[in-house]
Colleague: 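Here it is, the structure in full.
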Amino acid sequence: MRRLVLGIGNRARGDDGVGRLVARLLREKLPSDITIEETEGEATAILTRLDGIDAVHVIDAARSGAAAGTTLRFDVTAAPLPETLGALSTHGFGLGEAIELARALGHLPRIAIVHVIEGVSFETGAALTPVVGDTAFALAAHLAAELATS
Amino acid sequence: MATRTIKVDYLARVEGEGAFKVKVRDGRITGAELHIFEPPRFFEAFLRGRAFTEAPDITARICGICPVAYQMSAVHAMENALGIRVEGPLRELRRLLYCGEWIESQTLHIYMLHAPDFLGYAGAVEMARDHGGEVRRGLSLKKAGNEIVSLLGGREIHPINVRVGGFYRVPTKRELAPLAEKLKRARDLALETVRWAAKFDFPDRARDYQFVALRHDREYPMNEGHIVSNRGLDIAAADYEAHFAESHVARSTALQSRMTDGSAYLCGPLARYSLNFDRLSPLAQDAAREAGLGATCTNPYQSILVRSVEVLYACDEALRVIANYEPPDRPAISTPVGAATGYAATEAPRGMLYHRYRLDADAKIADAKIVPPTSQNQASIEDDLVSYVGGWLDLPEDELRHRCEQTVRNYDPCISCSTHFLKLEIDRG
């Protein structure tokens, strides 16, 4: 089974890069057969990476007004990302569109989970908010355990 | 007074965020205003005090869609300041890199952002459900562009291998060989794209645009050339600011650029094509003619077709560069430093991109000016809407909004560059 962990975001814009931080934290922790990649979030770049993948865990930032560091998990094989979440994504033609394009084209992996972490600071050059960083470490630890046994 | 207001609160399928307002009084259009409200991004200020060598990597961060354009304008302006010219294989590799960006950026716009307008879908996702084969073709074509940028730029987004004087590392012939095979396939897909786009139902519109683009003595313009227009302008990049002026308009956080006489002008695919048709490869010229295009194109709705011709040209040109490639002795030429000012304009996918840098004696950047294509096209976007909306006022509100959005999308506006984009409001009073 081909498995992929995909961190999404812009590392130059504060909490927007938290998905990529999680991907980096997992580099030393996952079985070697799991591919780990990062991308800025443009839909076709995500879509290309899903090609031929059986199971994917995507990690992205969100800006929904929830408490900073809040995490949500979505099984997008069962339903699209909630519309409200799509609007909360920091990427215009991004993850939500990539998932639905993959579904329409028959490319959506059999297992497809999206994890989002609520951020607060998305300004150019901003630092990662400490509580968001703490959440990234916690989510990475959780995923490392889950993927090691699945 | 009979008045009417139409609002579109969010214009989808453009790069960024902004708004548009059209004023209608007694059935007549009295004004159109582009509102750009994302905070300005201050990149020109970020650059001050930084080493001249940092400009390519800093400016590449302005846009995730066209970073190569920013890098190319930056390195050419720096080289102009330092009095050096990059020639031979290094110059050709830069052209190849630019081909990669044209392929990926133009294809993204054609298939994912603009084609849904012509085929009657809300977006690419809805279009993919009925036109999966076409969407797959677009993805494959775009991927070929990504692979050029990855190989030459070091990575797909925000490439890091470009430097003043050349590259940090250049590819071997063996590394380029597999790319050529993929590009041959991509060229076929690009030709199919031209034929596909030629069948779209284009609104019968044309305007007497003041086209502005680069023109080179033998190439279709990417990295260099004189700035020319269809009204007789023919200047070097160093004279840009004597003929073009940016001004702040209250409704926009992006500066708006016009000719110094106040007139609007158009840069981008239509201008580039109409001023340089004779510089396209025979394959691209033939495909354009077969698609029904003449040597000039003044219908903004056919910009998707012109873009597809340019993608075909970029595939063809990339293959030419790879076929003739002999690796240079060094990946970069040396760069003497000193106080100087440099200028450059290159052709980003969506239009001309001007950079000017003033360097102090330590070759630190004392001042920078960057004029992205969407800033230059803002006035033309407004003029298009003023010209066309009047004919659509009897349409149902949703359809009217859609026509306006489609009109703006003709420009592939990259508000990420100029700042960010776009809501639409039509004020009927």
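Chain letters run A, B, ... following the sequence lines, proteins first and then strands; every chain starts at 1.
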Colleague: Test B/E181 against B/R185 for salt bridge (Lys or Arg N to Asp or Glu O under 4.0 Å), laying out the working first.
Modeller: CA-CA 7 Å; B/E181 292 310 307; B/R185 172 70 182 138; over 6 Å; no
Colleague: With side chain to side chain contact (heavy atoms under 4.5 Å, CB included) as the criterion, how do A/D60 and A/V18 come out once you've worked through the C-alpha distance, each side chain's angles and the decisive distance to 0.1 Å?
Modeller: CA-CA 7 Å; A/D60 196 5; A/V18 68; over 6 Å; no
Colleague: If you check every heavy atom in residues 129-140 of chain B against those of chain A, which residues fall under 4.5 Å?
Modeller: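 Near chain A, by residue number: B/R129, B/G132, B/V135, B/R136, B/L139.
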Colleague: Step by step, work out the salt bridge (Lys or Arg N to Asp or Glu O under 4.0 Å) result for A/E38 and A/R24.
Modeller: CA-CA 8 Å; A/E38 300 175 42; A/R24 287 173 180 223; 2.8 Å; yes
Colleague: Under the salt bridge (charged side-chain N to carboxylate O under 4.0 Å, His left out) rule, what pairs show up with a residue in residues 127-150 of chain A, not counting sequence neighbours?
Modeller: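 Checked against salt bridge (charged side-chain N to carboxylate O under 4.0 Å, His left out) - neighbours excluded - the pairs reaching residues 127-150 of chain A are A/R73-A/E146.
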Colleague: Of the listed residues (A/A45, A/A98, A/G106, A/A104), which shares the most heavy-atom pairs with chain B below a 4.5 Å separation?
Modeller: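 Max contact count across the listed options: A/A104.
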Colleague: Is the distance from the ring center of B/F118 to that of B/W196 below 6.0 Å?
Modeller: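 Ring centroids of B/F118 and B/W196 are no less than 6.0 Å from each other.
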Colleague: Going by the side chain to side chain donor-acceptor pair (under 3.5 Å) test, name the single residue among B/E310, B/K142, B/H114, B/E101 that passes it with B/Q106.
Modeller: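 Among B/E310, B/K142, B/H114, B/E101, the one that satisfies the side chain to side chain donor-acceptor pair (under 3.5 Å) with B/Q106 is B/E310.
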